[in-house]
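Protein chains get the first letters and strands the later ones, always in sequence-line order, with residue 1 at the start of each. Reckoned from all heavy atoms, side chains included, excluding hydrogens, waters and symmetry mates.
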Amino acid sequence: MSDLQPPRGTHDLLPEDQRRHRHITETVLRIAGLYGYEEISTPIFEATDVFRRTLGETSDIVTKEMYVFEDKKGRSLALRPEGTAGVARAFVSHLRSKPLPLKLFYQGPMFRYERMQKGRQRQFHQFGIELLGVPEPLGDVEVITMAAHILEALGVADKVTLEINTLGDPDTRQAYRDILVAFLKGHRDGLSKDSQDRLDRNPLRIFDSKDAGDQEILKDAPKLTGHLTPASQDFFDTVKGGLLAAGVNYTLNPGLVRGLDYYCHTAFEFTTETLGAQGAVLAGGRYDGLIEAMGGPSTPGTGWAAGVERLALMIAEPPGPARPVAVVPIGEAAEAEALSLVQRLRQAGFPVDLGFAGNLKKRLDKANKANAVAAVILGQDELEKQAATVRDMETGEQTEIKLSALEDHLARYR
RNA sequence: GUGGCUGUAGCUCAGUUGGUUAGAGCGCCUGGUUGUGGUCCAGGAGGCCGGGGGUUCGAGACCCCUCAGCCACCCCA
């Protein structure tokens, strides 16, 4: 048994799990359509450089969480750890001549080599959207509004909070970063070990630290909001005003940051208390420098990604499959008749379960386990009358119905 | 990568300070009903106690290693 387990951090999606996943992705696809987004599928693996360039050489994802391997020609490939890089690459490869804006939706498995926790595994599923070619704050508003719409449609709106922040334009960001580093270097010894590392690699992320000592030091740190250029401030104000107008509630979180250089302006996250430490359910922001970093034409972008497994843990049980009608033949002659009857009913649109073997008792038992609404019993008596006994599986009530009138009678179970 | 907790039947779990042939409920199968499911009754199958090594007269219980799961950190969806 132990040697037949799936690899660490991977899971079989059994039919009832898959049902939840499908309910989520179908809901997303439907709502994305309302906003004019079309699905794009990119490969599950890419040249390792695709992720190196978009995620940064020093990011944790690249240095310790990527599944990297060589193919038979010695090319370095990586299983995708997230979706944006592949979409950006596809844009640069094929889509740069399309009229902008481009509204793309994607969905599928992602891979990260990590220790598991609730709502986190090594193969997991994300869906996300990218809006390319819109430098205006209205793009951010639409993207966030759509996310809120989706979460509402999934019935989790009351379990999540939207937090937003701004990183300012690239110049502000860079200038502020220098100011912050200068300040924190004066307090280096007081910082936690993790944050001392972050100071070199990714100083803005120190704001996320859960360490109490770090937060104490940060209280006196210079704030980004105090360093925004008027244009950046305007941008952020327009985003906030737009969300207000669209009826999307949010809270400001000045500690919400993104480390990579191409992120700018809006950063946001829908978080929940219901998933333990894995609070982020859907997160995104603006990445105006990304396409350029990939070697494409300078193209603004904004978007987000969400975790399907995390959402699956939050949503209510989706409706199960439609209840079938069970056709139950008794004897060989009836079985032959049943084969044609079954096809007739399926062509008419009824889900039909035809047991493979067994006497009446066994087949009714199977029909019950298949959650059948009704059983159409076909025995010698019925055959002679060109009729069937239809048993309501809920009440046990039985009625004899002419074969020619079956569809009409069964219509009540649709 | 770091730390803590946990692995007994398909599932949820019991199993006394180490002591004979390892248990329950649910589920599954068979029968009570040669043409009637769910309820009920009777019976049955199914475990190298995650794997390997060690201590012991004796290990499901104790020790070490390993694999897997859970929780937290890191990071992130």
Just compare [options] and give me whichever is closest to any side-chain atom of [X].
| X | options | answer |
| --- | --- | --- |
| A:Asp194 | B:C73, B:U36, B:A77 | B:C73 |
| A:Leu364 | B:C75, B:G37, B:G69 | B:G37 |
| A:Ala283 | B:A77, B:C74, B:U36 | B:A77 |
| A:Ala280 | B:G35, B:A77, B:C73 | B:A77 |
| A:Lys369 | B:A77, B:C29, B:U30 | B:C29 |
| A:Lys361 | B:C74, B:G37, B:A77 | B:G37 |
| A:Leu360 | B:A77, B:G37, B:G35 | B:G35 |
| A:Gln117 | B:C74, B:G69, B:G38 | B:C74 |
| A:Lys366 | B:C29, B:G3, B:C75 | B:C29 |
| A:Arg198 | B:A77, B:U36, B:C74 | B:C74 |

For this session: For A:Tyr113 and for A:Ile377, find the nucleotide of RNA chain B with the closest heavy atom, then tell me which residue's nucleotide is more 5'.
Result: A:Tyr113

Exercise. Given that A:Arg120 and A:Gly9 both sit by RNA chain B, which one's nearest nucleotide is further toward the 5' end?
Worked result: A:Gly9

Residue pair [X] / [Y], side-chain donor-acceptor N/O under 3.5 Å:
| X | Y | value |
| --- | --- | --- |
| A:Thr84 | A:Glu130 | yes |
| A:Ser93 | A:Arg89 | yes |
| A:Gln347 | A:Arg344 | no |
| A:Arg198 | A:Ser195 | yes |

Heavy-atom donor-acceptor pair, [X] side-chain to [N] base, under 3.5 Å:
| X | N | value |
| --- | --- | --- |
| A:Arg115 | B:G3 | yes |
| A:Arg363 | B:G37 | no |
| A:Asn368 | B:G37 | yes |
| A:Lys118 | B:C71 | no |
| A:Arg205 | B:C76 | no |

For this session: Can you see which heavy atom on A:Lys118 is nearest to which on A:Leu313, and at what distance?
Result: CG-CD1, 4.0 Å

Exercise. Which whole number of Å gives the distance between the C1' atom of B:G32 and that of B:U39?
Worked result: 14 Å

Problem set entry | A:Arg112 side chain near B:C76 phosphate (N/O to OP1/OP2, under 4.0 Å) | no

